[in-house]
Number of protein chains: 2
Amino acid sequence: MKILIVEDETDLLITISNYLTKENYICELAENFQKAFEKISIYEYDIILLDITLPDGNGIDLLKYIKKKNLKAGIIILSAKSSLDDKITGLDLGADDYITKPFQLSELNSRINAVLRKHHFDGSNVVQFNEIKVDTVSKTIKVNDEEIIVTKKEYDMLLYFILNKNRVLTKEAIAEHLWNDNIDQADNFDFIYTHLNNIRRKIKSKGGTDYIKTIYGMGYKFSDR
Amino acid sequence: MKILIVEDETDLLITISNYLTKENYICELAENFQKAFEKISIYEYDIILLDITLPDGNGIDLLKYIKKKNLKAGIIILSAKSSLDDKITGLDLGADDYITKPFQLSELNSRINAVLRKHHFDGSNVVQFNEIKVDTVSKTIKVNDEEIIVTKKEYDMLLYFILNKNRVLTKEAIAEHLWNDNIDQADNFDFIYTHLNNIRRKIKSKGGTDYIKTIYGMGYKFSDR
DNA sequence: CAAATTCTAAAGTAAATCTAAAGTTGGTTG
DNA sequence: CAACCAACTTTAGATTTACTTTAGAATTTG
């Protein structure tokens, strides 16, 4: 899961990023309006953490822009004061949750989980596709009710496939979602092959179907047919 | 075990905290409604000691909030007078016990123990997982009926694992539960490794099984399988 | 201040991730 | 349709990251 953190206090920005990275999220950082705007225009995120007060603009405007562009990201507002006005404005404009600084990182984490559940997982903790079940709390995967032991990257990749079933995903899209932007974009993405192969092997080992169809020259499609 | 003490008389607050810290509880303090509310929204506690009369609000409202959020903390009300009304209201709203000021600290301690026993330990003083027995009164641990000598941190950590068996606990979650909030969140939690290693070594020394499974990149899970 | 506990740091080990290269398949073109 | 190239698959192993273990420094406790 990929998160954009928009926050002008650099210390807090780094603290949040370190914590969420340890919790196995892919994090990208924006310390002002301008950078946040650029990133939002270019990349897709699952969650955006949005500080309202930025040195060069207002987070509310970013929120409006996100909603206008109809982006699928869940939005959690970070606000310095428990200002009821800001809170109401934010939630009215379509933010999914609101957290008042200072906050405990574990609290942020559980709110992120709640928003992800609501937004991307149809309200459940388990994302299922036929005989494959992904438990997003214990971060485990079962095939025909037998657990397969997967690494973080394998887990992320399989979840990304299932959440984007029936859509062709290019290697570039996969790389963009599973790695943050300090990876060299000009590189070839051959390392994806290795992870893909591991997932396919592990699913087959429990008698699962290989739903990951190779679309030659295009990418991959996770699908029944 | 982690305790939140909500009490506006600073002297009493400090006195209780000092005493309970010596009794090996992790204590956090809130001297008004606002702070207590913030802490309750953010952290998990095993016990909350709740003064009803606060300068900026009513403890009963906090109690309602705790019950509404369905928090697992046991609640003991501290009340200045033996006001029967407050007592009945508190217990009706789901408080677990009630103690009237002034009280003996040892009396408070035994009430805390009783609530913990009822709430977390299924009514018993001994929490058991196969060949491992934790006696929560004498705070001793037996493996195959032989005592292992553990330090406070080791005792707390093992009890936390057993009470959260079959759940993956991240290093962050462990740190949050076993240390109070003056620990620097940005830090790495490498010191956990040392305590963990000590627990594993001591359990093995009496022929016990190492139920603490390492989930690489995720955390630890105390489990049979 | 002596002893025990807790934390820090560093060396050792294991696992995950990435790289590279050999093998295979599919599509294109003469 | 045969030959070739590009894209994908698979495997081995190099690199990086995460965890384990140990020793000892710093802190707390009696």
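Worth saying up front: this structure is predicted, and the values here are computed from it rather than measured. To find a chain, count down the sequence lines: A is the first, B the second, and so on, and within it residues start at 1.
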Any side-chain N or O of [X] under 4.0 Å from OP1/OP2 of [N]?
{"X": "His195(B)", "N": "dT6(C)", "value": "no"}
{"X": "Thr194(B)", "N": "dT6(C)", "value": "no"}
{"X": "Trp179(A)", "N": "dT17(C)", "value": "no"}

What's the separation between atom CD in Glu44(B) and atom CG in Leu4(B), rounded to the nearest 0.5 Å?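 Answer for the CD-CG pair, Glu44(B) versus Leu4(B), is 13.0 Å.
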Could you tell me how far apart [X] ([atom1]) and [N] ([atom2]) are, to the nearest whole angstrom?
{"X": "Glu154(B)", "N": "dT5(C)", "atom1": "CD", "atom2": "P", "value": "8 Å"}
{"X": "Ile199(A)", "N": "dA16(C)", "atom1": "CD1", "atom2": "P", "value": "14 Å"}
{"X": "Lys213(B)", "N": "dA15(C)", "atom1": "NZ", "atom2": "P", "value": "15 Å"}
{"X": "Arg200(B)", "N": "dT13(C)", "atom1": "CZ", "atom2": "P", "value": "17 Å"}
{"X": "Asp190(A)", "N": "dA20(C)", "atom1": "CG", "atom2": "P", "value": "10 Å"}
{"X": "Asn197(A)", "N": "dA16(C)", "atom1": "CG", "atom2": "P", "value": "16 Å"}
{"X": "Asn180(A)", "N": "dC18(C)", "atom1": "CG", "atom2": "P", "value": "11 Å"}
{"X": "Tyr193(B)", "N": "dA14(C)", "atom1": "OH", "atom2": "C1'", "value": "12 Å"}

Whichever of Asn198(A) and Lys171(B) has its nearest DNA chain D nucleotide further upstream toward 5':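 In this pair, the answer is Asn198(A).
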Centres of the Trp179(A) and Phe189(A) rings: under 6.0 Å?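 Trp179(A) vs Phe189(A): aromatic centres not under 6.0 Å.
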What nucleic acid atoms does [X] come within less than 4.0 Å of, heavy atoms only: base, sugar-phosphate, or nothing?
{"X": "Lys22(B)", "value": "nothing"}
{"X": "Arg201(A)", "value": "nothing"}
{"X": "Tyr155(B)", "value": "nothing"}

Closest-nucleotide ordering on DNA chain C, the 5'-leading residue of Ile149(A) and Ile192(A):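 Its nearest nucleotide being more 5', the pick is Ile149(A).
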Does the Lys NZ or Arg CZ of Lys139(A) fall within the cation-pi geometry relative to Tyr25(A) - under 6.0 Å from the ring centre and within 45° of the axis?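 Judged by the rule, Lys139(A) and Tyr25(A) form a cation-pi pair.
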Check every nucleotide of DNA chain D for an atom under 4.0 Å from a heavy-atom of chain B, then give the first and the last such nucleotide from 5' to 3'.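 In short, chain B contacts DNA chain D from dT17(D) to dT22(D).
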Asp224(A), CG atom: more than 12 neighbouring heavy atoms under 6.0 Å: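 Yes.
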Return yes when atom CZ of Arg200(B) has more than 12 non-hydrogen atoms of other residues, nucleotides or ligands closer than 6.0 Å, and no otherwise.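 Yes, the 6.0 Å shell around CZ holds more than 12 heavy atoms from other groups.
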Tell me which pairs pass ring-ring contact (aromatic ring centres under 6.0 Å, His included) where either residue lies in residues 125-172 of chain A, with sequence neighbours left out.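 Every pair satisfying ring-ring contact (aromatic ring centres under 6.0 Å, His included) with a residue in residues 125-172 of chain A: Phe129(A)-Tyr211(A), Phe129(A)-Phe222(A), Tyr160(A)-His177(A).
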Out of dC7(C), dT6(C), dA16(C), which nucleotide sits closest to the side chain of Thr151(B)?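 From the listed options, dT6(C) comes nearest.
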Short N-O contact, Asp135(A) and Lys142(A), less than 4.0 angstrom: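 Looking at Lys142(A) together with Asp135(A), the answer is no, because their closest N to O distance does not fall below 4.0 Å.
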